[in-house]
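Bear in mind that the values here come from a model prediction, so they are computed numbers and not experimental data. In listed order, ligands and their atoms are each counted from 1.
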Amino acid sequence: MLDNQLFNRLTRLYIIALSGVALLSVIGQLLIQIFLNSLLDDSHVVNVAGRQRMLSQRLSKTAVLLCNPKIFQADAEYYSQDIKEIIFLWESSHYALKNRDLKTDGRTFKVRNSAKIDSMFQAIEPLFKVVLTNAKTIEKLIEKPNKNQQKLLQSSLNQILISDKTFLKKMDKIVTQYDLESTERVEVTKKIEMFLFTFLFLILILEGAFIFRPIANNIRLVINKLTNSERNLRQANDELVKTQEALVQATEEKYKLQLAEEKVRAASLMEGQEGERKRLAADLHDGIGQMLTGLRLHSEKVKSFDFTNAKQAKSFNELQHLIQETIEATRTVSFSLAPSVLSDFGVVPAIRILTEQVSKVKNMTFNIHTENINRLPEAIETCLYRITQEAIHNATKYAKADFINIQLSENEQFINLIVLDNGEGFDLKSVKNKMGGSGLKNMQARAELLNGTFKIQSKIGKGTSIKIEIPK
Ligand SMILES: Nc1ncnc2c1ncn2[C@@H]1O[C@H](COP(=O)(O)OP(=O)(O)O)[C@@H](O)[C@H]1O
Ligand SMILES: [Mg+2]
């Protein structure tokens, strides 16, 4: 689908972009962790520094109380203990901050003293020492009273009270400075975070522009190509179907042509047959027929002679009778081969003579119904005559019929011939399956040669009907 080279390049780019995003996220996370930790450290430092201020105040207050026995006597024990703890906490916290070594409850906190804070601690150091030394003096005096107890106490207290005010102010400033520097660090971290975020955003935009857009474009291209090739395929398919149809049509036309050729061949065959029959009929009629007629005339002459015995006369009569029969048989054969009446007077007289001839020799009654049929083209007349001849022949030969109805009619478009017999009928299917028997086939072929139709109906016991329709 995607071009291989392009795909590899995009994959590489994508991996780079993804790594960039991952790296930035990790860095961001680390920064936040570090930042949170340092914020925790900073706030603790600010807290401790603030506490230093409070402790110094508590120290002053306790010192005042310890130096005035009238006031504190009732709680002497408590305050002498308390000053010890305050001094310890105050001193240790002070140096922890100053020396950047702050531990609380076993946890180490990072103290980030800037140069400014260092110098502030430097500045506050003498005051711190004054307060610390004097506080310690008071603590000792309370523990082990001295001869000049009251006086020494008073002098130490004075020292503390003098230094304490300035110490407080300076400590205040240190706290503020710690706070300030912590806020500044937050700001810097914020900026770094902002920068990382911008960078991440940039990478995502670049990823969109240089990875996802080309991919989307490529996919669109591929889809377009697919759609096009599908369209082409469909077109090709359509053309294939058309070609197939054309082929089928060509095949059909070839088949039709073959049929037409066969028809022409059959037509010429039948025409040839018909011509042959005519020739034969003419030969019979003009040759043998004339000779027989001559023979009969001669025999008439011979008849005028007196025969010496009756036997001779009888033989001669028989001979004459035989000649007459031969003449008639020759006529019948000649007629059935090609009745001259057909070409001379048309199909209707030809059929009438045919039926008369048949009823002379067979027990058959005919009913012929013809309307005013004019002379028709020779081909149609021959066709109608031959079909009638074959139908009569079948009816007499197979059907054991004794009645045949022939109906010939004509309208503007067609000529119709119907031949019905009252014979036994037959099973059309079994005859169609049987080989041999060309009479029915010839009837159909003759009708179809003239673009007509041939229909036959037959029921066993109910006779047979043949219907021909030929266009004029
Ligand atoms: N009018 C009919 N009545 C009864 N059977 C018929 C009739 N016409 C045809 N047949 C039957 O159909 C068969 C085929 O007839 P046909 O095609 O004329 O052949 P063919 O006369 O040469 O035997 C005949 O053998 C006969 O059995
Ligand atoms: Mg037949």
I'd like to check which ligand 1 atoms, numbered from 1 as shown, lie under 4.0 Å from a non-hydrogen atom of G439.
16 (P), 17 (O), 18 (O), 19 (O)
In plain terms, say whether R386 and E274 are close enough for a salt bridge, that is, a side-chain N and a carboxylate O under 4.0 Å apart.
yes
Taking distance alone, with no angle check, do F426 and ligand 1 share an N/O pair under 3.5 Å?
no
Shortest heavy-atom approach to atom 17 (O) of ligand 1 - which of T464, N442, L440:
L440
Begin from the C-alpha positions of K190 and E193 and carry the test salt bridge (Lys or Arg N to Asp or Glu O under 4.0 Å) through to its verdict.
CA-CA 5 Å; K190 261 188 177 170; E193 276 294 323; over 6 Å; no
Test your reading of the structure: does K441 have an N or O sitting under 3.5 Å from an N or O of ligand 1?
no
Counting each atom of ligand 1 from 1 as listed, which ones have a heavy atom of E390 under 4.0 Å away?
18 (O), 21 (O)
Are the charged groups of K110 and D101 less than 4.0 angstrom apart, N to O?
no
Residues E262, R265: salt bridge by 4.0 Å N-O rule
no
If we only count N/O pairs under 3.5 Å, is D421 in contact with ligand 1?
yes
Proximal candidate to atom 13 (C) of ligand 1 [heavy atom criterion; set L420, V419, V431]:
V431
In terms of side-chain geometry, is the basic nitrogen of E230 or R234 positioned less than 4.0 Å from the acidic oxygen of its partner?
yes
Output yes when D427 and K459 qualify as a salt bridge under the 4.0 Å nitrogen-oxygen rule, no when they do not.
no
With a 4.0 Å cut-off, would you call E424 and K462 a salt bridge?
no
Pair R375 + E381: basic N to acidic O under 4.0 Å:
yes
L97 and A49: which non-hydrogen atoms are nearest, and at how many Å?
CD1-CA, 3.8 Å
Excluding waters, how many protein N/O/S atoms sit closer than 2.8 Å to the Mg ion (ligand 2)?
2
